[in-house]
Structure formats: C-alpha cells, structure tokens
2 protein chains.
Amino acid sequence: MRLPLKTEYACQVLAQLALTYSSGEVRQVEDLASAEGLSPNYSVQILTALRQAGIVISRRGKNGGYLLAKHPDEITLADIAIAMEGGSVIESSPGNGGMSAANVHSAWVRVSEAMLESCREIKLSELVADTDDADWVI
Amino acid sequence: MRLPLKTEYACQVLAQLALTYSSGEVRQVEDLASAEGLSPNYSVQILTALRQAGIVISRRGKNGGYLLAKHPDEITLADIAIAMEGGSVIESSPGNGGMSAANVHSAWVRVSEAMLESCREIKLSELVADTDDADWVI
DNA sequence: TTTAAAGTTGCGTCGTTTACTAATGTATTG
DNA sequence: CAATACATTAGTAAACGACGCAACTTTAAA
C-alpha cells in the first residue's frame, strides 16, 4: 500500500509555503518546484487540487503565485491527504458477496479511521525544514 | 490510497479458516474460494503467501488442504497485511532531494507506525461471520 | 492600452502495478 | 501407480500514476 507521490509532493510544496508564511510573501510555481526538486508542470496540478480544497490561495496574472490559506498550525496531514485523494485515506472495497466480506470491510474501515486520526495530529508546521545552512541541495 | 484486494481476500480466506479452526478440519481451496466468492486459482496464490508467512499450514496430496497455524486470537490484521505486502504497511518514498523531503517522509513514517499499531489491535477472530442463517450467498 | 508574466484547464502518453487466467510441476494417499 | 490436491511460474488485459504539452485566461506593470 503505497502512499501516492502526489500526496508527498503536496506536503513538500506546502512545507515550502509554510516557510515564508509569516512574511505574507507570494511564491511562484517555479520557485516552489525547484526548492522541492519537483517538475513545475506537475506542481501546478498539485497546487490546483490544494486550491480547490481551500488549503492554498492563488493569485493570477503578473507577480502572481500561491500562499497558504490558513496558519501552518491549522493544516494537518489529514487535510492534505483528503485534498489529494478522495474522501477516505484508505479505501477498501465494500464487498464481493463473500461470506466474511462485510466483516473484513468494517475492520479496515476502523483502521482507516484510526489512521486518519493520527494524520490529524501532525501539523504542517512540523514539516518545515530548518532554514539555516541547508545542504539539501542536490 | 487503496487497500489491495489481495489483502482483503487474504482476510476473507483466513476468516473462513477461523470458522472451522476449533474442529481441526482441513479445508480445500475450492471450498474456501467458493465460500468467499473468489476464484480458486487466485486463492491459491494468496494461500501460498500466507503459508510462507507462517500464518497457514498446508497439506498436499489427496485429502489435502489448509488450516490455520495459530489460534485466531493470535493472528492480527498486521500479520496479514505484512504477509501480503512488503515490510511496512504504508510505504513512502525516502526522498527526492527536495528541501522538505526528509521531514515529510518521517512524518508519514510516524503515521505508518500508528496505523500498524491499530492493525495489531484487530484480531482474526473478530472477522469471522455469524454462521447461523446466512443470506450472504449471491 | 498593450504586453508579457503568471496561473488554469484539459488532453495525451508512457510505464508500472494489479488482478487475474492458465498451464505445468510436485507431493501424498489409497 | 493413478488420482487428487497443492505449488509455481508465466502471461495478460485493464487500470492507475506520474508526468508533459499546449492553448487559454487573468492581471500587474510599462
């Protein structure tokens, strides 16, 4: 069960935005993408999903870009995961008509809820990297 | 993030085996598969993985079949998930060289561990369906 | 008011993974 | 040794993921 790259990328881009949140600065796609080692083209799609989920605000036109819609303390991994993927973080099939299908399904739903709860406990502010002297450049 | 069908099927087949655990009865693939609405051929592959993980014991030849290697109380969703998928239940990529990649990764590792813990709390015995008057047949 | 810098949208594509099917091999029992 | 049931491997079709590209729209600034 692989965590989609798209979700990870979303976290990285948001961490990048959180870095300059207090300055109110607008960040451009090119800037965000290169800081996180992502393709600008793909980053756009991620930022679009985040905007539609109300996590990010965009400004169009010249000198446009993106900024966080909320304080980094008020954005959690759960918000991000739900924005990128569908409703539930883990989805299991409702049943194939087998004798134990319903029981199995409801067990995994419980697991999914537990995981979602643990996602709610991790805030975006915990993801932002130390700014001073970074050797994270490749 | 979809729970692989293979993992769900494994749970169903094991629930079926748990149903007759106390009788010590050996169940054949055909039997297990039809009770859970699965293809026999595919079920074999699932059962093979479960055997290699030490969750199930097989007997070959005439009157062969499968039975649980342990008591249904001592098999958890964590055991099953790990048997079917790799080491960790949720795997996130270690990093792409981005500035926040490491932080993001470690956050998801924490989530993954929390989820694994919650999988450890659900036992196979909770998955077995009520035997009396079932209308689960399709 | 023009212009160019930015975001927006949708389509296309390529590679991988998943969920199977099928065929063939191997062990066990009567 | 023959019938039966598990074991293994190969193959495949469809779905999904991770992008790239191009045309369009918006807006600040010259």
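If you're wondering where the values come from, they're calculated on a predicted model, not measured in any experiment. All heavy atoms count here, side chains included; hydrogens, waters and symmetry mates do not. In what follows, chains carry the letters A, B, and so on, assigned in the order in which the sequence lines appear, proteins first and then strands, with residues in each chain numbered from 1.
As rounded to whole Å, 16 Å separates atom P of C:dT9 from atom CD1 of A:I46. D:dC19 atom P lies 11 Å from atom CG of A:N41, rounded to whole Å. Rounded to a whole Å, the CD atom of B:E85 is 9 Å from the P atom of C:dT18. Straight-line distance from the CZ atom of B:R27 to the P atom of D:dT4: 21 Å, rounded to whole Å. Rounded to a whole Å, the CG atom of A:L47 is 8 Å from the P atom of C:dT8. Look at CD on A:E30: it is 16 Å from C1' on C:dT8, rounded to the nearest Å. Atoms CD1 (B:I57) and P (D:dC6) sit 15 Å apart, rounded to a whole Å. The distance between atom CE of A:M84 and atom C1' of D:dC19, rounded to the nearest whole Å, is 13 Å.
Using a 4.0 Å cut-off, no side-chain N or O of A:S39 falls inside it from OP1 or OP2 of D:dA18. For C:dA5, neither phosphate oxygen OP1 nor OP2 lies less than 4.0 angstrom from any side-chain nitrogen or oxygen of A:N63.
A salt bridge links A:R120 to A:E117: one of the charged nitrogens lies within less than 4.0 Å of a carboxylate oxygen.
The number of heavy atoms from other shown groups lying within 6.0 Å of CD (B:E25) is above 12.
Between the side chain of B:Q45 and the base of C:dT21 there is at least one donor-acceptor pair of N/O atoms closer than 3.5 Å. A donor-acceptor contact under 3.5 angstrom links the side-chain atoms of B:R60 to the base of C:dT26.
The listed nucleotides are C:dT21, D:dA18, D:dC6; the one nearest the side chain of B:Y66 is D:dC6. The listed nucleotides are C:dT9, C:dA19, D:dC21; the one nearest the side chain of A:Q52 is C:dT9. Of all nucleotides listed (D:dC6, D:dA18, C:dA19), D:dC6 comes nearest to the side chain of B:V29. Listed nucleotides C:dT8, D:dC6, D:dA28 differ in distance to B:Q28; the shortest reach to its side chain belongs to D:dC6.
Residue A:V44 is in base contact, counting any heavy-atom pair closer than 4.0 Å across all strands shown. Residue contacts for B:R51: at a heavy-atom cut-off of 4.0 Å it reaches the sugar-phosphate backbone alone, with no base atom in range.
Side chains of A:L68 and A:L124 form a contact here, defined as non-hydrogen atoms less than 4.5 Å apart.
When the nearest nucleotides of DNA chain D are assigned to A:R59 and A:L5 by heavy-atom distance, the more 5′-ward of the two goes with A:L5. Nearest-nucleotide positions on DNA chain D place A:R2 closer to the 5' end than the other of A:R2 and A:G61.
In this structure a side-chain-to-backbone donor-acceptor pair under 3.5 Å is present from A:R27 to A:Q16.
For the 3.5 Å distance criterion, the side chains of B:S112 and B:E91 fail to qualify, holding no donor opposite an acceptor.
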